[in-house]
Amino acid sequence: MKKLRHLLISAIFAIFLLVFPYIIQAETIVAKENSPGKTDNSVESFKRESKENLVNMDIIEQLFIQSGDDQEKFELLLSGCDFTNIEFSQLYSFLSRPVNIPEKYLNKAPNLEIRKLKCSDNIERPFIVGIPSINGTESFPLIIFLHGGVSWEEKNGEHLMEEAEENVFWKHAKEKKCFFLYPFAQDGATWWDKRGMENISRQIKILKKDFNIDDKRVWLGGVSDGGSGTFIQAMLKPQDYAACFSLIGHPGLGNIEGGLPTYLTNLSNIPSFVINTTDDNFYPSSRMIKILEVAKKCGADILFRELPGGHDTNFLLQESLKIIDFLESNVRNNFPSRINFETSDLDYGKFLWLKIESLDPFQRKDWHKENNAILPDEKVEMRWIIESDFSKGGASIKRIFIDTIPSALGLRSGDIIQKIDEVQITSKQVFDEIISKLRRGRDIQLDILRDGKSEKILSRFPQPVWKYVFQYDSPSGIVHAECIGNKIELKSSGVASLSIFVHPDQFDISRKISVYSSGEQVFNDYVYPDKSFMLRNFFRNYDKSLIYINKISLQIKSKPEPF
């Protein structure tokens with residue numbers, strides 16, 4: 001009996017010696033996986049450890065986390081990945097799944113949160129996020145508001161937070177259970193330059209990564225410079241929004257100030273609520289109406305209200321409820337049957353399922369007309385240098401330039417302007433305000449002090465000059481597209497190539513898709529899901545309702561003209 005027990009103990013010990021190295025190895029692997037300082041938990045290490053770069057959903061998850069919102073980094077990490085082990089339906093479900101909201105945001109009262117984002121110029125700029133009461137995975141709309149006065153360089157996070165707290169649309173967002181975004185613009189990152197526009201897009205993307213935003217109910221608006229910025233977004237990036245509202249803004253400011261390729265044609269792709277006032281010194285309604293009439297001829301859906309007032313928002317409390325009702329009545333149509341889109345800058349060549357990839361001005365057609373408004377330029381450009389010191393009893397002219405309006409009026413260097421139209425010049429503020437209201441074609445009276453003697457100048461400004469509102473440096477391309485079932489009809493001008501983005505809710509991908517350009521069939525084939533394409537395209541904007549599976553790339557050939 002003792003001998004048998006001894007043999008049994010010896011056998012157990014021998015087995016333990018055989019198994020012990022594997023137990024140690026397993027414990028080491030577990031410790032490595034659970035270690036907070038783990039350095040191998042990267043997509044690249046996963047790919048190295050995976051045979052032939054085969055990836056799974058865990059690796060995809062890590063790829064998204066490590067890329068942050070950096071598209072180039074995402075593309076780099078994605079390169080070489082083999083998706084053989086991932087089913088199309090599995091990837092589609094992963095991309096469209098709701099966000100797992102952190103505990104700190106659940107079941108809280110609505111609140112504002114200040115965040116910061118480093119822009120492409122390495123300057124960190126603040127932005128404000130309004131978070132509604134969240135208690136689950138339900139998605140909510142997003143209201144984005146662009147402020148005015150982008151030249152206020154001293155504005156900081158505290159100023160921004162104060163403005164956001166008082167913003168009437170944040171108050172509505174709390175009541176309606178909407179997210180709220182209040183970006184920041186300044187010189188170098190305005191609403192009408194690419195850096196400032198990129199800043200807005202990145203902030204929207206960050207919110208969609210962190211919260212469950214309803215992609216089909218993202219609404220954009222703004223006031224003054226922000227109202228002008230809203231028009232810019234509506235013309236260059238209409239696919240990001242369901243509707244927009246502009247308050248005392250100018251549709252052409254992005255082109256005038258930023259040289260952006262904004263085209264009134266593109267306002268046909270997004271419903272707009274617009275308010276301008278009768279006595280606005282900058283953008284009076286009488287001028288803005290003429291621009292918007294051209295947009296309406298292009299098919300734009302614009303609800304325009306002309307209200308009494310100056311360049312202010314005294315009307316806002318009364319009108320804000322109408323604006324909210326307008327926004328709530330508009331949900332983005334992901335698959336419009338018709339698209340009209342125009343661009344001369346390929347960075348802004350996409351609207352939903354259509355993208356202009358390259359241009360060819362030699363393919364411009366006779367029917368391709370410039371949809372532009374022509375307005376009288378009534379601005380008085382007083383090209384002079386004024387002394388900053390107004391202690392001499394008025395505005396002292398340091399220098400007059402030749403062949404300018406001041407020289408035509410008979411003014412000279414050294415003159416001191418004491419009155420303009422009987423208004424005493426007591427400060428720079430008074431002087432600047434009067435000058436801003438001067439218009440071409442009107443009479444003017446100046447009381448000046450010249451060489452110690454008082455003189456009067458009675459004159460008239462030159463007549464207004466008629467000018468086109470939009471000035472373009474490069475020729476544009478335009479596409480009229482119509483989609484019925486699996487058939488697409490294209491009519492284009494100035495376009496060399498374009499893409500059709502394919503979504504399974506728009507097309508029956510079990511059947512061939514046919515594309516016709518100017519009546520000639522240019523594509524007729526099946527389109528299969530491309531998992532790498534799905535990931536790259538989704539990462540650009542985190543739009544869960546528009547997970548395109550692939551795209552059709554087309555070259556547009558012009559028909560030779562008859563001799």
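Everything numeric in this text was worked out from a predicted model, so none of it was measured.
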Less than 4.0 angstrom from a charged side-chain N to a carboxylate O is my criterion; do Asp345 and Lys194 meet it? yes
Say whether Ser224 and His311, considering side chains only, have a donor N or O and an acceptor N or O under 3.5 Å apart. yes
Practice problem: Let me see the working for Ser228 and Asp225 under side chain to side chain donor-acceptor pair (under 3.5 Å), right down to the final yes or no. | Solution: CA-CA 5 Å; Ser228 303; Asp225 284 344; 5.2 Å; no
(request) Report yes or no: is the cationic atom of Lys491 (NZ for Lys, CZ for Arg) under 6.0 Å from the centre of the six-membered ring of Trp367, at an angle within 45° of the ring normal? (result) yes
Donor-acceptor contact below 3.5 Å, side chain Trp170 vs main chain Leu181:
no
Glu198/Lys205 salt bridge by N-O under 4.0 Å criterion
no
Check your understanding: Using 4.0 Å as the upper bound for N to carboxylate O, is an ion pair formed by Asp121 and Arg125?
Key -> yes
Whether Lys297 and Glu293 form a salt bridge (side-chain N of Lys/Arg under 4.0 Å from carboxylate O of Asp/Glu) is what I want to check. no
Correct closest heavy-atom pair for Asp360 and Ala496 would be CB-CB, 3.8 Å
Notebook entry, point to check: Ion pair present between Glu319 and Lys322, side-chain N to carboxylate O less than 4.0 angstrom?
Noted result: yes
**Prompt:** Are Asp377 and Lys467 close enough for a salt bridge, meaning some N to O gap below 4.0 Å?
**Reply:** yes
Does a salt bridge link Glu124 with Lys118, judged by any charged N lying under 4.0 Å from a carboxylate O? no
* Does Tyr516 have Lys487 sitting over its ring (NZ/CZ under 6.0 Å from centre, angle to axis within 45°)? -> yes
| Should Phe127 and Asn199 be marked as a side chain to side chain contact (heavy atoms under 4.5 Å, CB included) after you check the CA-CA gap, both sets of side-chain angles, and the distance that decides it? | CA-CA 10 Å; Phe127 64 101; Asn199 203 19; 6.0 Å; no
- Query: Any idea how His250 and Tyr283 line up, ring-wise: parallel (<30°), tilted (30 to 60°), or perpendicular (>60°)?
  - Reply: perpendicular
Q.
Between Thr190 and Gln186 (side chain of the first, backbone of the second, donor and acceptor by atom type, cut-off under 3.5 Å), is there such a pair?
A. no
To the nearest 0.5 Å, atom SG of Cys178 lies from atom CD1 of Ile131 at 14.0 Å
Do NZ/NE/NH1/NH2 and the carboxylate oxygens of Arg332 and Asp215 come within less than 4.0 Å? no
I'd like to know if Arg217 and Asp214 make a salt bridge, using a cut-off of under 4.0 Å between side-chain N and carboxylate O. yes
Heavy atoms of Ile549 and Val527 approach each other most closely as CD1-O, 4.5 Å
Open item on the list: Between Lys216 and Asp543, does any side-chain N to carboxylate O distance fall below 4.0 Å?
Closed with: no
NZ of Lys369 to SG of Cys298, rounded to nearest 0.5 Å, is 13.5 Å
Tell me whether Phe282 at atom CZ has more than 12 heavy atoms from other residues, nucleotides or ligands lying less than 6.0 Å away. no
### Message
Can you classify the ring geometry of Phe335 versus His503 as parallel (below 30°), tilted (30 to 60°) or perpendicular (above 60°)?
### Response
tilted
Checklist entry - Should the heavy atoms of other residues, nucleotides or ligands under 6.0 Å from NZ of Lys177 be counted, would the total exceed 12? => result yes
Examine Lys116 relative to Phe184 and say whether NZ or CZ is less than 6.0 Å from the centre of the six-membered ring and inside a 45° cone about the ring axis.
no
Practice item. Flag the pair Glu381 and Arg440 as a salt bridge only when some basic side-chain nitrogen lies within less than 4.0 angstrom of an acidic carboxylate oxygen. Key: no
